[in-house]
Trainee: 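Sharing a structure with you now.
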2 protein chains.
Amino acid sequence: MSTPNVAPFLSIRLDKDSPNPIYLQIAEGIGELLKSGALPAGYVLPPERALCERFGISRMTLRQAMGLLDREGLIESRRGRGTVVTPARLRKQQQELKSFSEEIRDRGGRPESRLISLERTLPGESVRDFFELGDQQKVYEIHRLRLKDGEPLALEFVRIPERLCPGLERFDIAKNSLYQILEESYGLRLENCIEEISAEAPTAKLRKLLALPKNAAVLVVNRKTFAEDGRAVELTRSTYRGDQYSAIVRSVRKKKPILRASTSS
Amino acid sequence: MSTPNVAPFLSIRLDKDSPNPIYLQIAEGIGELLKSGALPAGYVLPPERALCERFGISRMTLRQAMGLLDREGLIESRRGRGTVVTPARLRKQQQELKSFSEEIRDRGGRPESRLISLERTLPGESVRDFFELGDQQKVYEIHRLRLKDGEPLALEFVRIPERLCPGLERFDIAKNSLYQILEESYGLRLENCIEEISAEAPTAKLRKLLALPKNAAVLVVNRKTFAEDGRAVELTRSTYRGDQYSAIVRSVRKKKPILRASTSS
DNA sequence: ATCTACGAATGGTATAGACATTTGGTCTAG
DNA sequence: CTAGACCAAATGTCTATACCATTCGTAGAT
């Protein structure tokens with residue numbers, strides 16, 4: 001065939017007046033085709049020039065879209081050969097920053113929360129340094145019991161500088177997501193976090209609070225959360241029932257540097 | 001000043017005949033400047049057009065380099081404002097697939113390994129399914145004790161299909177990295193893994209092997225490793241001393257529900 | 001003094017084309 | 001029948017240019 005088969009891509013519609021740039025529309029369109037599994041792994045995509053013609057765009061623009069798909073691991077290109085669809089299990093997936101509620105719901109449970117205490121207090125030295133606070137600036141210290149499907153799952157100890165969210169005690173922290181309050185009411189856009197995960201034997205107090213069985217351990221997650229502008233926002237120690245909860249991590253082998261243009265918006 | 005200050009970039013030399021493309025040379029050059037800390041966080045880079053002139057290249061090419069740096073989180077660009085250097089703590093760091101030895105050395109310890117047993121055996125059903133094996137195909141089962149600075153740190157239980165590495169018993173698994181053997185002697189290019197991290201109370205046997213103190217928990221890491229072509233390569237259960245080891249994870253907030261323009265290796 | 005409108009500067013998107021490099025097939029000479 | 005030359009097709013790199021969108025300082029009006 002002298003005219004490459006672009007049939008599967010006919011459904012993609014471009015809107016030149018959309019606020020979304022063309023390369024994004026293309027990437028989303030093709031991306032959905034790939035994620036939906038409409039094209040089998042190993043399927044050879046039409047060459048770039050054919051797709052350009054099909055969409056009526058220039059090649060650099062198309063390549064910007066392909067670059068996005070490539071970075072997501074949806075496609076793989078080889079110079080001289082062509083571009084093929086990556087098998088689903090090789091596709092990348094970002095480690096995602098989620099609230100407790102989001103995470104429990106993702107795992108198919110019903111999240112719940114009970115406020116144990118909320119204090120406004122002067123932090124210790126290490127905490128003060130972490131948040132870059134002055135001598136007299138206070139932090140909120142929140143203890144919450146987290147439940148899944150009515151059963152105690154974790155004890156959470158959150159520390160947030162008062163400076164970032166003055167008047168936090170006015171909110172109903174048991175009912176509302178803390179992340180949501182921070183983002184919507186205080187305009188703190190959380191961007192990333194670092195977690196340190198360890199295992200411990202529970203104290204007697206914890207055994208009682210979490211209703212732990214006789215011979216159980218707890219999973220401790222120490223989390224540091226940062227906002228988009230780089231400020232430290234939150235310092236949390238979560239203690240999970242070891243028999244009810246586990247953390248899942250995905251790692252990738254380091255490769256060569258990547259190529260192609262990008263956006264940051 | 002009408003001529004933007006490009007002084008810090010004068011040291012970057014381009015070689016148009018190099019096999020490395022120009023945009024890569026630029027990205028590496030600027031990237032090293034940034035990683036070395038020569039430019040303070042928040043430093044405003046010269047505008048793209050000035051850098052183009054400085055390097056004698058076209059803007060699209062420069063932007064390709066900037067795209068790389070942006071994706072690594074080294075710089076941040078805002079339309080209308082300019083491009084600034086990201087604070088070091090916000091820079092991206094891919095979750096990396098590492099061997100035990102690599103990881104211990106990264107943390108500043110001396111890794112060691114003792115082989116407890118190596119068997120060639122018929123796997124159970126779930127393992128057979130995971131590796132997609134036939135009825136009669138066997139797997140290697142390896143138990144190793146892992147030490148850091150001479151102290152027991154973890155017990156490791158590895159399963160690998162014999163099909164992928166026939167004759168594995170000929171290697172000295174205590175002395176050499178298993179990952180290295182798989183990559184160099186069997187040509188298995190490991191690409192990514194998924195780990196599930198949980199906390200458990202140790203069995204009596206484990207307490208003895210790991211020389212665990214009276215009231216200690218263990219951190220259990222179940223790892224599934226896949227090769228570049230997507231085949232399942234390894235299934236490992238590592239049991240760490242909870243008082244000596246913790247896992248570190250980094251997460252990123254998902255921005256729009258669609259494709260992301262940054263991040264990836 | 002304050003507000004507004006404008007415009008310059010800057011990064012973001014898009015075009016059209018050129019040449020380089022790699023791959024894989026085909027043709028040809030031996 | 002094979003080895004090598006050659007060619008076509010595909011992605012990779014690069015240029016030069018144009019215009020768009022956002023930001024911010026400033027000149028001018030009130």
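Each chain gets a letter, A, B and so on, in the order the sequences are listed, and its residues count up from 1.
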Trainee: Hey, is NZ on K224(A) packed in by over 12 heavy atoms from elsewhere, all under 6.0 Å?
Mentor: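 Result for NZ/K224(A): open.
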Trainee: Taking all atoms of both residues into account, what is the closest heavy-atom pair of L122(A) and Q137(A), and its distance?
Mentor: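 In terms of heavy atoms, the two residues are closest at CD2-O, 3.6 Å.
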Trainee: If you assign G56(B) and R81(A) each to the DNA chain D nucleotide with the nearest heavy atom, which residue ends up on the more 5' nucleotide?
Mentor: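 Of the two residues, R81(A) wins.
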Trainee: Does the side chain of S58(A) get closer than 4.0 angstrom to OP1 or OP2 of dT15(C) through an N or O atom?
Mentor: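 It does, given that an N or O in the side chain of S58(A) lies less than 4.0 Å from OP1 or OP2 of dT15(C).
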Trainee: Using whole Å, what does the distance between atom C1' of nucleotide dT17(D) and atom CE of M60(A) come to?
Mentor: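 Roughly 13 Å, once rounded to whole Å.
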Trainee: Taking for each residue the nucleotide of DNA chain C with the nearest heavy atom, is it I22(A) or R49(B) whose nucleotide lies nearer the 5' end?
Mentor: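 The answer here is R49(B).
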Trainee: Do the side-chain N or O atoms of Y23(B) get closer than 4.0 angstrom to the phosphate oxygens (OP1, OP2) of dC14(D)?
Mentor: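 Answer is no, no contact under 4.0 Å.
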Trainee: Starting at atom CG of L14(B), determine the distance to atom P of dC14(D), rounded to an integer number of angstrom.
Mentor: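 After rounding, the reported distance stands at 10 Å.
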Trainee: Under a 3.5 Å threshold, yes or no: a donor from one side chain and an acceptor from the other, between Y140(B) and E169(B)?
Mentor: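 Looking only at side-chain atoms, E169(B) and Y140(B) do form a donor-acceptor pair, the distance falling under 3.5 Å.
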Trainee: Atom CD of E48(B) and atom P of dT10(C): how far apart are they, to the nearest Å?
Mentor: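 Answer to the nearest Å: 10 Å.
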Trainee: Using atom CZ of F55(B) as one end and atom C1' of dT15(D) as the other, report the distance to the nearest whole Å.
Mentor: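 To the nearest whole Å, that distance equals 17 Å.
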Trainee: Consider the side chain of P47(B), meaning its heavy atoms from C-beta on, and name the nucleotide among dG12(C), dA14(C), dT10(C) that approaches it most closely.
Mentor: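 Nearest listed nucleotide: dT10(C).
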Trainee: In whole Å, I'd like the distance from the CG atom of D17(A) to the C1' atom of dC19(D).
Mentor: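 Distance check: D17(A) CG to dC19(D) C1' gives 15 Å.
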Trainee: Nearest of dC14(D), dG11(C), dG12(D) to any side-chain atom of P21(B)?
Mentor: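 So the nucleotide nearest the side chain must be dC14(D).
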Trainee: Tell me: CD of Q64(B) to C1' of dT15(D), nearest whole Å?
Mentor: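 Atom CD in Q64(B) sits about 12 Å away from atom C1' in dT15(D).
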Trainee: For K16(A) and dT13(C), give me the distance from atom NZ to atom P, rounded to whole Å.
Mentor: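 Rounded to the whole Å, the gap is 15 Å.
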Trainee: Find the distance L62(B):CG to dG11(C):P and express it as a whole number of Å.
Mentor: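 Spelled out: CG on L62(B) to P on dG11(C) is 9 Å.
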Trainee: With sequence neighbours excluded, tell me which residues meet side-chain hydrogen bond (donor to acceptor under 3.5 Å, both in side chains) with E183(A).
Mentor: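 Per chain and number, E183(A) pairs via side-chain hydrogen bond (donor to acceptor under 3.5 Å, both in side chains) with no residue.
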Trainee: Any idea which heavy atoms bring A27(A) and L69(A) closest together, and the distance?
Mentor: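 Distance-wise, the nearest heavy atoms are O-CD2, 3.5 Å.
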